[in-house]
Amino acid sequence: MFLGEYDIIVVGGGHAGCEAAHAAAKMGSTVMLVTMNMETIARMSCNPAMGGVAKGQIIREIDALGGMSGIITDKTMIQFRMLNRSKGVAMWSPRAQSDRWRFAEAWRLALENTPNLDFFQDTVKELIVEKETAVGVITGMGAQIRGKAVVLTNGTFLNGLIHIGKKNFGGGRMGESASLGITGQLESMGFVSGRMKTGTPPRVDGRSLNYQAMEEQKGDDEPAKFSFSRETSTLKEQRSCYITYTNNTVHDILREGFAESPMYNGSIQGLGPRYCPSIEDKINRFAERDRHQVFVEPEGWNTVEVYVNGFSTSLPDHVQLKALRQIPGFENAKVFRPGYAIEYDYFPPTQLKLSLETKLIRNLFFAGQINGTTGYEEAACQGLMAGINAHRKVSEQDAFVLGRNDAYIGVLIDDLVNKGTDEPYRMFTSRAEYRITLRQDNADERLTPKGFEMGLAEKNRMDLLEEKKSSTQTILRFFDSNNIETDDANTLLLQKNSSPITEKQRYKRFLLRPEISLEDIKSIDEVNSLLLAHSKESAQAAETHIKYESYLKKEQEMAEKLLRLEDVKIPDSFDYHKLTALSKESREKLHNIRPATLGQASRISGVNPADISVLLVYFGR
């Protein structure tokens, strides 16, 4: 069966695949999305939540470029919290609890309403490669689909193997079969593959829990949202989550099961995520701790199913239940589904270009967990970038690459391609050198013009951005040209136990005091009148600009210095082995990764400043 020819074929309907298919189709390519099950498009395989530390910044960046994850999250969230509010604005990170079922439904409906996008339900067992170029796929039923580019977003399905205690069976997710054939084919073409592991906790019946024994965790009093567009609105009602704790009795029961644990009996070979360990890994690595947090998260508005965040495990199911029932509030817990671990194939991402196109096969792109990442947000942003670049490649346009100073998305892809990963990669704010620049609140300023120029973000996004920037400038001009009266200032300073002023001063200077916030001076009538005429987002942007102006300038200057190295192009065929002044490790790393610019070369692990100096001399700089 021949199903036709498309510009782009996207394999996999998870978070990466959905963003890739939507972006490419919206930009004008004809797209075929091939998924093993139409009923599980955009399924939240693990926790029912989006965002979090650094991850929330990524979702806002996806939205600013014109992607859909922010809009889908807003439409289906049941709780919103801005994390790290007690820290500086660079650390603020939005997070939402989602309705798992509505989230998947909203994504599917959004894709079905995207022009140029078709669907086919089947597994993909083989790529069609001609003259070292991907030109199509063959499905498990033998159907052939031709295309100009292929995007692989296979998630945990490549040779997926599920573990529960000593039991293991093939599968990409509980109840779904693994994907076979692609790994072997890619290896035969010269690709190097590896093995990784992730896990998920048990799901329990919320009716069987005693919430009185737990700490309630409510959403924000004034919830925000992810999308910069007016397509979504903030929550008027929220569901609470709850917190409880393990104890020594729980830990002792879990230790009894270690002999049957696939993590400790050699059954699992792949490395798991360092920063999201299983409960057995926690009590083994942190033996000195007598308790660990467990977050009790509802799966949706109406369902009784509950996700036990913090209790990821692959121990035997009887051990899981016995240990769970020793947790306060879980004494009578009924389990819907036990936790399990899953091993799957991935391909070290140093085999990719910064566009996420593979180096060995033209017009073949990888996105998501196939590249060694973990998390919906990391997958979604790679899918977006792969979809954009697949479209641009078949349209004979230059690749769209975000720098480390442009977005967390740029940091993530740069880390993967230049440093690689041998454990599931997770984004943190600490990975970014320009954290003050890459805030969650200014993602629209950084990226919407780029998305609009490419044809992904719509004009109304630009109109909203210009409106926000104009309002911000109006507020800044007021603070820069008007004074706070001495009495008003000292009344506030007295409340803060801070030293008084002797003469009136500009509002801008007054706001530079670390103990004074915009919220404090809203008590002054002229300031309150000003802020009522503008959005909260514009007011926050103005305050951030005033308080962090000097730091932002320093980051910009540092970025500009490093960007000069990006102007020094390196021919793809350059022979590094002839430069004996380079260290042996550098020659090998540079030869394997083949950086496009000196800037990219400088970020490769094992390439030191002395090596960059050698290359600068060679290229006449």
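As a basis for the values below, the full set of heavy atoms in this structure was taken, side chains included, without hydrogen atoms, waters or symmetry mates. Along the sequence shown, residues carry numbers from 1.
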Does either side chain, that of Glu377 or that of Ser69, offer a donor lying less than 3.5 Å from an acceptor on the other one? no
Any donor-acceptor N/O pair, Asn37 side chain to Glu39 backbone, under 3.5 Å: yes
May I ask you to say whether Arg146 pairs ionically with Glu130, meaning some side-chain N is under 4.0 Å from a carboxylate O? yes
Test item: side-chain donor near acceptor, Thr139 and Asp122, under 3.5 Å: yes
Who are the side chain to side chain contact (heavy atoms under 4.5 Å, CB included) partners of Thr421, not counting sequence neighbours? Met196, Pro349, Leu416, Glu423, Tyr425
Could you tell me how the ring of Phe191 sits relative to the ring of Phe366: parallel (under 30°), tilted (30 to 60°) or perpendicular (over 60°)? tilted
Taking atom types as modelled and ignoring hydrogens, do the side chains of Thr156 and Gln369 form a donor-acceptor contact shorter than 3.5 angstrom? no
Donor-acceptor contacts, no H, no angles, side chain residues 41-52, under 3.5 Å, sequence neighbours left out:
{"unit_1": "Arg43", "atom_1": "NH1", "unit_2": "Glu176", "atom_2": "OE2", "d": "3.2"}
{"unit_1": "Ser45", "atom_1": "OG", "unit_2": "Arg173", "atom_2": "NH1", "d": "2.7"}

Aromatic rings His15 and Tyr376: how do their planes relate, parallel, tilted or perpendicular, breaks at 30° and 60°? parallel
Distance-only polar pair, side chains of Asp74 and Ser227, donor-acceptor under 3.5 Å: no
Lys468 bridged to Glu445 by N-O distance under 4.0 Å: yes
Between Asp441 and Arg60, does at least one N-O distance fall below 4.0 Å, as a salt bridge requires? no
Can you confirm whether Gln440 sits close enough to Gln57 that some side-chain heavy atom of one is under 4.5 Å from a side-chain heavy atom of the other? yes
Between Asp444 and Arg461, is any pair of side-chain heavy atoms under 4.5 Å apart? no
Is the distance between the ring centroids of Phe574 and Tyr576 under 6.0 Å? yes
Nearest heavy-atom neighbours spanning Ala96 and Phe226: CB-CE1, 3.7 Å
